*Asks:* 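Below is a structure I'd like to ask you about.
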Amino acid sequence: MTLKKNDNKKIKLTVSNIEEYPIFCFRYLTSNKDYCFKYFKNDVELSKAKVIILDEIMKYQHKSWLELGKESKKRGFETISFAQLKFSPSGLNLSNDTKLIIIRINNQNWRLIGYKSDNFKSVLHVIGFDFNYSAYKH
């Protein structure tokens with residue numbers, strides 16, 4: 001991408017000089033009922049959960065990945081390896097040493113689990129949720 005300044009000089013923009021903000025994608029969300037929206041037993045619980053998750057995602061989108069990385073794991077994120085996870089994403093093959101991003105949500109009671117895209121560094125592919133501390137060893 002190229003921009004022109006007022007004096008017609010061109011500035012080339014690269015990923016390294018643009019702040020990257022999280023973009024959440026649910027394409028590879030697991031179909032395992034314990035780690036996706038099927039976890040909720042009725043429509044009322046499901047609706048409440050979706051509101052909580054959307055609120056949290058909207059908060060995270062106001063901070064860059066760089067800012068989030070500087071935060072504590074309670075307010076930013078932590079990482080685990082894919083080998084530690086007890087479920088698999090749908091339609092995405094990951095190696096055991098792939099780093100996953102863990103974001104605490106719902107007053108730190110739930111975990112959003114994602115994989116940062118190789119091709120689009122801002123995109124976090126949400127592959128599942130840990131609603132009851134059973135998705136990996138805590």
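For clarity, every value in this text was computed on a predicted model and none was experimentally measured. In what follows, residues are counted from 1 in the order of the sequence shown.
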*Asks:* For D43, I'd like to know if atom CG has over 12 heavy atoms of other residues, nucleotides or ligands within 6.0 Å.
*Replies:*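 Not more than 12 within 6.0 Å, no.
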
*Asks:* Suppose we screen for ring-ring contact (aromatic ring centres under 6.0 Å, His included). Which residues come up paired with Y39, at least two apart in sequence or across chains?
*Replies:*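 With neighbours one apart ignored, the set is F131.
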
*Asks:* So, does E56 use its side chain to make a donor-acceptor pair with the main chain of I53 at under 3.5 Å?
*Replies:*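 Answer holds: no.
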
*Asks:* I'd like to check the side-chain contact (heavy atoms from CB on, under 4.5 Å) partners of N119; sequence neighbours left out, ordered by chain and number.
*Replies:*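 Testing N119 for side-chain contact (heavy atoms from CB on, under 4.5 Å), a comparison that skips the adjacent residues, returns S117.
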
*Asks:* Applying side-chain hydrogen bond (donor to acceptor under 3.5 Å, both in side chains), name anything that partners T98, two or more places apart in sequence or on another chain.
*Replies:* S95

*Asks:* Which value, rounded to the nearest 0.5 Å, describes the distance between L94 atom CG and S81 atom OG?
*Replies:*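 The distance works out to 11.0 Å.
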
*Asks:* In chain order, what residues pass the ring-ring contact (aromatic ring centres under 6.0 Å, His included) check against W65, with sequence neighbours excluded?
*Replies:*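 ring-ring contact (aromatic ring centres under 6.0 Å, His included) list for W65, sorted by chain: F77.
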
*Asks:* Go through the structure and list residues passing side-chain contact (heavy atoms from CB on, under 4.5 Å) with K50, not counting sequence neighbours.
*Replies:* F37, L46

*Asks:* Quick one, F82 and P89 - any side-chain contact, counting heavy atoms below 4.5 Å?
*Replies:*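 SC-SC contact between F82 and P89 confirmed.
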
*Asks:* Which distance, rounded to the nearest 0.5 Å, do you find between the NZ of K70 and the CG of L66?
*Replies:*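 So the NZ of K70 and the CG of L66 are separated by 4.5 Å.
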
*Asks:* Using links of under 4.5 Å between side-chain heavy atoms of ILVMFWY residues, direct or through other members, which residues join V123 in one cluster?
*Replies:*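 Direct or chained contacts put V123 with I23, F120.
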
*Asks:* Are W110 and F24 connected, step by step, through hydrophobic side chains (Ile, Leu, Val, Met, Phe, Trp, Tyr) whose heavy atoms are closer than 4.5 Å?
*Replies:*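 In one cluster with W110: F24, yes.
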
*Asks:* Between L85 and I127, does a side-chain contact (heavy atoms from CB on, under 4.5 Å) hold up when you go through it step by step?
*Replies:* CA-CA 11 Å; L85 206 57; I127 62 171; 3.8 Å; yes

*Asks:* Examine Y35 together with F129 and report whether their ring centres are nearer than 6.0 Å.
*Replies:* no

*Asks:* Does the side chain of D130 come within less than 4.5 Å of N132's, by heavy atoms?
*Replies:* yes

*Asks:* In Å and rounded to the nearest 0.5 Å, what is the CG to NZ distance from N32 to K86?
*Replies:* 12.0 Å

*Asks:* For G114 and L124, work out which heavy atoms get closest and say how close.
*Replies:* C-CD1, 3.6 Å

*Asks:* Start with the C-alpha distance between I102 and T79, add both sets of side-chain angles, then the distance that settles side-chain contact (heavy atoms from CB on, under 4.5 Å), and finish with yes or no.
*Replies:* CA-CA 6 Å; I102 308 295; T79 61; over 6 Å; no

*Asks:* Holding to side-chain hydrogen bond (donor to acceptor under 3.5 Å, both in side chains), I want the full list of residues that pass it with Y115, two or more places apart in sequence or in another chain.
*Replies:* D118

*Asks:* If every non-hydrogen atom of Y60 is compared with every non-hydrogen atom of G76, which pair is closest and at what distance?
*Replies:* OH-O, 3.2 Å

*Asks:* With sequence neighbours excluded, what pairs up with F26 under the ring-ring contact (aromatic ring centres under 6.0 Å, His included) test?
*Replies:* none

*Asks:* With distance as the sole test, does T30 use its side chain to make a donor-acceptor pair with the main-chain N or O of G128 at under 3.5 Å?
*Replies:* no

*Asks:* For side-chain contact (heavy atoms from CB on, under 4.5 Å), just list the numbers for I113 and I101, CA-CA rounded to whole Å, side-chain angles, deciding distance to a tenth of an Å, and then say yes or no.
*Replies:* CA-CA 6 Å; I113 304 166; I101 303 285; over 6 Å; no

*Asks:* Using the side-chain contact (heavy atoms from CB on, under 4.5 Å) criterion, which residues pair with N109? Sequence neighbours excluded.
*Replies:*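 With sequence neighbours excluded, N109 shows a side-chain contact (heavy atoms from CB on, under 4.5 Å) to N106, N107, Y133, given in chain and number order.
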
*Asks:* About how many Å separate CZ of R111 and CG of L100, when rounded to the nearest 0.5 Å?
*Replies:* 14.5 Å

*Asks:* Would the distance check show the side chain of S90 and the main-chain N or O of L29 forming a donor-acceptor pair, the cut-off being under 3.5 Å?
*Replies:* yes

*Asks:* side-chain contact (heavy atoms from CB on, under 4.5 Å), that's the test. Do H125 and Y28 meet it? Break it down for me.
*Replies:* CA-CA 7 Å; H125 294 287; Y28 302 113; 3.6 Å; yes

*Asks:* Might you confirm whether atom CG of N93 has over 12 heavy atoms from other residues, nucleotides or ligands at distances under 6.0 Å?
*Replies:*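 No, the 6.0 Å shell around CG holds no more than 12 heavy atoms from other groups.
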
*Asks:* Report the residues that fulfil salt bridge (charged side-chain N to carboxylate O under 4.0 Å, His left out) with E78, sequence neighbours left out, ordered by chain and then residue number.
*Replies:* R104

*Asks:* Suppose we screen for salt bridge (charged side-chain N to carboxylate O under 4.0 Å, His left out). Which residues come up paired with K63, at least two apart in sequence or across chains?
*Replies:* E71

*Asks:* Applying ring-ring contact (aromatic ring centres under 6.0 Å, His included), can you list everything that pairs with Y136, at least two apart in sequence or on another chain?
*Replies:* H138

